[in-house]
Protein chains: 2
Amino acid sequence: MNISEAAQHSGLSAKALRYYESIDLLSPGRAQNGYRDYSDADLEILRFIQRARATGFSVDEVRELLSLYRDPARHSRDAKALVEDKLGHIETQLRSLREMQQTLRGLAERCAGDESPQCAILEGLSHHAAK
Amino acid sequence: MNISEAAQHSGLSAKALRYYESIDLLSPGRAQNGYRDYSDADLEILRFIQRARATGFSVDEVRELLSLYRDPARHSRDAKALVEDKLGHIETQLRSLREMQQTLRGLAERCAGDESPQCAILEGLSHHAAK
DNA sequence: TTTGACCTTCCCCCTGTGGTAACCTTTACT
DNA sequence: AGTAAAGGTTACCACAGGGGGAAGGTCAAA
């Protein structure tokens, strides 16, 4: 299977496939003409990668998930640990975003939003407390 | 005021100050010895930048905020528009994170987390629905 | 045979720094 | 006066996660 076909079936771009190969996430074989040749097993892994990325895992985290995926002697505990770590990060990000949201809402509320140069947003950012 | 002093007073790194200068966010003067020389006005702008970044604005958004900040003929409407646009993005990010959270929680719940290689997380990612 | 669609490698671009090197200035100590 | 540490300067390489595009090789159909 050529790269564009593999890209289509996996939901990834051809560019991404070459990138994943360059960082040794997966190594498809090569045909005589030098073209990459993706097997069905490769495609399955590509789909795995696509779903993991879409679920928020970084490429390095996907690498860890993949090594578990490929390891018949794995412990499900290790996979669960990765997921729970990720959940912790997400919680942190959520808190940070909510805080920004609060700050921005507070600033926007106090800004008239008219023709006047007088603006609580710019003042809030320039003076002391932005939050 | 030297770069490290300006960095300390603004809460930014010296590296960041050089970067902000290289992308024309602010241009401090130079002393005879070639060292950057930050004025009080520069410092105020640095603090503005620091607060805006901490509030979640990208460097390019900070650039827009700064041009409003420096413009005496500005309209507060423009600042408010930037903030509301940002609020929209934050809302999108929040939704996406919450979705990932749901997915990951669902996967983690169904994973025993023991010695067994049998793992709902890896299966969930490899087969059809990851969410 | 020629054309167009594919493939290949290669390099530059983005954000927002961190790290390092090579070099110059200033300050402090002996 | 000499010197060493602590600052400053520029410049380059690296990271995620690819996108965009150039220059060239291949393949398939008309």
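Note on naming: letters A, B, ... go to the chains in the order of the sequence lines (proteins, then strands), and numbering restarts at 1 for each one.
Identified under the ring pair (Phe, Tyr, Trp, His ring centres under 6.0 Å) test for residues 68-123 of chain A, with sequence neighbours left out: A/F48-A/Y69. Screening residues 13-31 of chain A for salt bridge (Lys or Arg N to Asp or Glu O under 4.0 Å), with sequence neighbours left out, gives A/E21-A/R30, A/E21-A/R36.
With axes fitted over five pairs at each extremity, the angle between the ends of the helix from C/dT1-D/dA30 to C/dT30-D/dA1 is 30° (10° resolution).
Atom-to-atom, CG of B/L25 to P of C/dT15 comes out at 11 Å; the value is rounded to the nearest Å. Atom CZ in B/R18 sits about 9 Å away from atom C1' in D/dT10, given to the nearest Å.
At a threshold of 4.0 Å, the pair B/E91-B/R98 counts as salt-bridged, since one of the basic side-chain nitrogens sits closer than that to a carboxylate oxygen.
One hydrophobic cluster, built from ILVMFWY side chains closer than 4.5 Å, cannot hold both B/L17 and B/Y35; they sit in different ones.
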Worksheet item: Could you run down nucleotides 12-24 of chain D 5' to 3' and tag each one B, S or - for protein heavy-atom contact under 4.0 Å?
Response: ----SBSBBB---

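The shortest distance between side-chain heavy atoms of A/D37 and A/P28 does not fall below 4.5 Å. Taking 4.5 Å as the limit, every side-chain heavy atom of A/L25 sits out of range of all side-chain heavy atoms of A/Y19.
At least one side-chain nitrogen or oxygen of B/R30 sits closer than 4.0 Å to the OP1 or OP2 atom of D/dT10. Using a 4.0 Å cut-off, no side-chain N or O of B/N33 falls inside it from OP1 or OP2 of C/dC24.
More than 12 heavy atoms of other shown residues, nucleotides or ligands fall within 6.0 angstrom of atom CD in B/E84.
Under the 3.5 Å distance criterion, the side-chain polar atoms of B/S126 are matched with a main-chain donor or acceptor of B/L122. Using a distance-only test at 3.5 Å, with no hydrogens or angles considered, a donor-acceptor pair links the side chain of A/R63 to the main chain of A/I23.
Applying the salt bridge (Lys or Arg N to Asp or Glu O under 4.0 Å) rule to B/R53 yields no partners; only residues at least two apart in sequence or on another chain are considered.
Within residues 34-50 of chain B, the residues approaching DNA chain C are B/Y35, by heavy-atom distance under 4.0 Å.
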